[in-house]
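Note: hydrogens, waters and symmetry copies are ignored here, and every other heavy atom, side chains too, is used. Letters A, B, ... are given to chains in the order of the sequence lines, protein chains preceding strands, and every chain is numbered from 1.
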Amino acid sequence: MFIALASHPDGVLLSPLDDAGEPAGEATVLARAAMPAEVARREFTAAAADRPRWVWDDTTTWYPLLLSAGVRVERCVDLRLSHAILRNSELTARTALARAARNGWDEPTPEDRAHRREGHRAASDGLFELEPDAGSASAVGPPDPVAEFRLQREAVAASADPARIGLLLAAESAGALVAAEMQFAGLPWRAELHDQLLTELLGPRPKPGERPAKLTAVLERVRDALDAPELNPDSPVELVKTLQRAGLMITSTRSWDIKKLRHPVVEPLLEYKKLARLLSANGWHWLDANVRDGRFRPDYVVGGVVTGRWASKGGGGALQLPKQVRGAVVADPGFKLVVADASQLEPRILAALSGDAAMAEAGRAKDMYAAIVARGAVKTRDHAKVAMLGAMYGATTGESGRLMPALAKAYPRAIGLVESAARAGERGEVVTTRLGRSSPRPGANWRELQAAAYGESSTDADASKARGQARSWGRFTRNFVVQGTAAEWALCWMATLRGALHELGGSAWLTDAPHLVFFLHDELVVHSPAAMTDAVVAAIESAAVEAGRLLFGATPVEFPLSIAVVDSYADAK
DNA sequence: CGAATCGGCGCG
DNA sequence: AAAGCGCGCCGATTCG
């Protein structure tokens, strides 16, 4: 049973729907204020199997309201996220949904539009411009969830593989629930510990506009070493000029390049950069803006990355919490943090995805890189690691490039898979993950440049530019299949765990039971009552096994985790 | 003047 | 030691 929720002049319209998306009973209108109680009633009275799946346009607009009212839901269908997948997927390319003109369901959520108006970059901005909005005609008024849901059910049923795409939609929607719940619960954050940490490294909090004492001290050492009393090292142009004037051969101010120099300025300059970064990215200003009532509540953007990974938006930078400040993340009294990390996830995904028996054999080991060495493909563990990364990212030169032939010889099917994904991208074709998320097509500029290289009047320069661009898109599609499938594994892992944690909690409210508080591509953090951590660890382990089974069925590849039960996130590894 | 871009760096 | 994927955010700089 599905129940669609939609705004209505008198409140909220509830429409019961069957598996095909057809009406399955009388639609009713409820006052807005009565909605959470009605949702709760349906959640609690039904047996688990009969619990409704709530169908709504955006989880971000409905679920936070329910959570604030103390209502958790078991399952939902996030129509906008599902639409984005179905619109692009090769598996549903010939369905009515995919062939329809762009409409309101292709537009960003209302929050995203507001966010963009505030001057933030569009999520799809980047190295490559994507397919432009054809027409970009926004539907008049809010789109109808009932009609959209029916189209989506049709598309799934008619797809080349309904089970896979259906699983992907379920996982994506479950992810949306997790994201809302994690934001609701928040990551426990001890502001006084963060402040203490900053004070130790930078000195006491300065007045606005002033540098902290320790930063000033190290800045003076930099200026002395370069005999440049006015130098502002935050200006790359100024810094590079000053370094050159001191006789140093350098054209950038990256730490990695500076590290290679031999000069008295190197040590204080690297120290300055490190401290200045801490101050600007996660200093007191960050603390004021992002931590309230002992919680950090980042805005997760489910499916915010083309590969299906999550992104984050707004202040905070949730997906880049430096290790430096993780000491401020501490479990509440009586609670523990259970931190779990999937080891070497992407190479294992490649092994399972390609069905390469030899690589899958290595993928059974706790240390996959060591197993690759044991097979004799490469000589050292470092080589195994760098070669695998090169295979998944498309390295052509350097050590990684040199190791590729040996790797391809030992694991022809696995390397063949990423190579053919790269070739497809170079031709401008689409590639698809295990569960059916397809890569975007290159934009019009890309195609024009390719076409120009084959034209009558093309020059060598045109051809070489086109080749470079084609290879670049090929590296993207090469990585897409692995990164995207890894993101699917992580979604399945997290969605399965979410259910298990709820079971463990019994009738306890979300934040009194073990609950997810953080997720970062292949790592998650559960905030759990101290007495339940053994059960939580077991649930995390079995969710990982289940994720592997959901994606790949019977595969020899294993997905080992490293799990730590700690008070402070800083102690996790 | 604010908006867009650049160089740099944090995360996976 | 390094050059190849995906992100978001900062301060400085340049653009319009």
Query raised in the report: Nearest-Å distance, CH2 (A:Trp473) to C1' (C:dG6)?
Result: 13 Å
Requested in this report: With the side chain of A:Thr397 defined as its heavy atoms from C-beta on, choose the nearest nucleotide among B:dC11, C:dA3, C:dC5.
Outcome: C:dA3
Report task. Indicate, with a heavy-atom threshold strictly under 4.0 Å, whether A:Ala311 touches base, sugar-phosphate, or nothing. Result -> sugar-phosphate
Report task. Identify whether the distance between the nearest side-chain nitrogen and carboxylate oxygen of A:Glu238 and A:Lys241 falls below 4.0 Å. Result -> no
Query raised in the report: Whole-Å distance between B:dG10 P and A:Leu321 CG?
Result: 14 Å
Query raised in the report: A:Arg254 side chain N/O closer than 4.0 Å to the phosphate oxygens (OP1, OP2) of B:dG8?
Result: yes
Requested in this report: Go through residues 517-526 of chain A and report each residue with a non-hydrogen atom lying under 4.0 Å from DNA chain B, sorted by number.
Outcome: A:Leu520, A:His521, A:Asp522
Query raised in the report: Could you state the OH-P distance from A:Tyr272 to B:dC9, rounded to the nearest angstrom?
Result: 12 Å
Query raised in the report: What does A:Val386 touch in the nucleic acid at a heavy-atom separation under 4.0 angstrom: a base, only the sugar-phosphate, or nothing?
Result: base
Query raised in the report: Which is true for A:Arg326 with a 4.0 Å heavy-atom rule: it touches a base, it touches only sugar-phosphate, or it touches nothing?
Result: sugar-phosphate
**Report entry** Rounded P spacing from B:dG12 to C:dG4 in Å
**Finding:** 22 Å
Report task. Using the six-membered ring of A:Tyr569, assess whether NZ or CZ of A:Arg326 lies under 6.0 Å from its centre and within 45 degrees of the ring axis. Result -> yes
Query raised in the report: Does A:Phe552 have any ring pair (Phe, Tyr, Trp, His ring centres under 6.0 Å) partners at least two apart in sequence or in another chain, and if so, which?
Result: none
**Report entry** Pair A:Arg205 + A:Asp288: basic N to acidic O under 4.0 Å
**Finding:** yes
Report task. Round to a whole Å and report the spacing from NE2 of A:His383 to C1' of C:dA1. Result -> 11 Å
Report summary line: Sorted by chain and residue number, the ring pair (Phe, Tyr, Trp, His ring centres under 6.0 Å) partners of A:Phe519 (sequence neighbours excluded) come out as A:Trp310
Query raised in the report: Should the heavy atoms of other residues, nucleotides or ligands under 6.0 Å from NZ of A:Lys409 be counted, would the total exceed 12?
Result: no
Report task. Verify, without hydrogens or angle tests, whether A:Arg295 (side chain) and A:Ala185 (backbone) share a donor-acceptor contact under 3.5 angstrom. Result -> yes
Below 3.5 Å between N/O atoms, which protein atoms pair up with nucleotides 12-16 of chain C? Just atom names and distances, please.
| unit_1 | atom_1 | unit_2 | atom_2 | d |
| --- | --- | --- | --- | --- |
| C:dA12 | OP1 | A:Asn232 | ND2 | 3.4 |
| C:dA12 | O3' | A:Ser235 | OG | 3.4 |
| C:dT13 | OP1 | A:Ser235 | OG | 2.3 |

Report summary line: From the candidates B:dG7, C:dG4, C:dC7, the one with an atom nearest any side-chain atom of A:Val306 is C:dC7
Query raised in the report: Can you name the closest pair of heavy atoms from A:Pro108 and A:Arg80 and give their distance?
Result: O-NH1, 4.1 Å
Requested in this report: Send over the distance from A:Leu239 CG to B:dG7 C1', rounded to a whole Å.
Outcome: 11 Å
**Report entry** Length of the CG-P vector between A:Leu279 and C:dG11, whole Å
**Finding:** 9 Å
Report task. Go through the side-chain N and O atoms of A:Thr496 and A:Glu546 and say whether any donor and acceptor fall under 3.5 Å apart. Result -> no
Requested in this report: Would you classify A:Leu345 as touching base, sugar-phosphate or nothing, given that sugar-phosphate means primed atoms plus P, OP1 and OP2, and contacts are heavy atoms under 4.0 Å?
Outcome: nothing
Report task. Return no unless some side-chain N or O of A:Thr307 is found under 4.0 Å from OP1 or OP2 of C:dG6. Result -> no
Query raised in the report: Are A:Lys273 and B:dC9 close enough that a side-chain N or O sits under 4.0 Å from OP1 or OP2?
Result: yes
Query raised in the report: If you find the nucleotide of DNA chain C closest to A:Asp382 and the one closest to A:Leu389, which residue's nucleotide is nearer the 5' end?
Result: A:Asp382
Query - Dot-bracket pairing map - DNA chain C, Watson-Crick plus G-U, both contacts under 3.5 Å, | cross-strand - result: ....||||||||||||
Requested in this report: Could you state the atom-to-atom distance from CZ of A:Phe480 to P of B:dG12 in whole Å?
Outcome: 22 Å
Query raised in the report: Got a sec, which residues hit side-chain contact (heavy atoms from CB on, under 4.5 Å) with A:Ile250, two or more places apart in sequence or on another chain?
Result: A:Val240, A:Leu243, A:Asp257, A:Ile258, A:Leu261
Requested in this report: Look at the rings of A:Phe296 and A:Trp189 and say which category their plane angle falls in: under 30° parallel, 30 to 60° tilted, over 60° perpendicular.
Outcome: perpendicular
Query raised in the report: Does the base of C:dC5 carry an N or O that pairs as donor and acceptor with the side chain of A:Arg475 under 3.5 Å?
Result: no
Report summary line: A:Gln320 CD to B:dG8 P, in whole Å, measures 18 Å
Requested in this report: Respond yes when some side-chain nitrogen or oxygen of A:Ser255 is under 4.0 Å from OP1 or OP2 of B:dC9, and no when none is.
Outcome: yes
Requested in this report: Take A:Ala281 and A:Arg309, find for each the nucleotide of DNA chain C with the closest heavy atom, and name the residue whose nucleotide sits nearer the 5' end.
Outcome: A:Arg309
Query raised in the report: Salt-bridged, A:Glu426 to A:Arg423, with N to O below 4.0 Å?
Result: yes
Query raised in the report: Which class fits the ring pair A:Phe480 and A:Phe476: parallel under 30°, tilted 30 to 60°, perpendicular over 60°?
Result: perpendicular
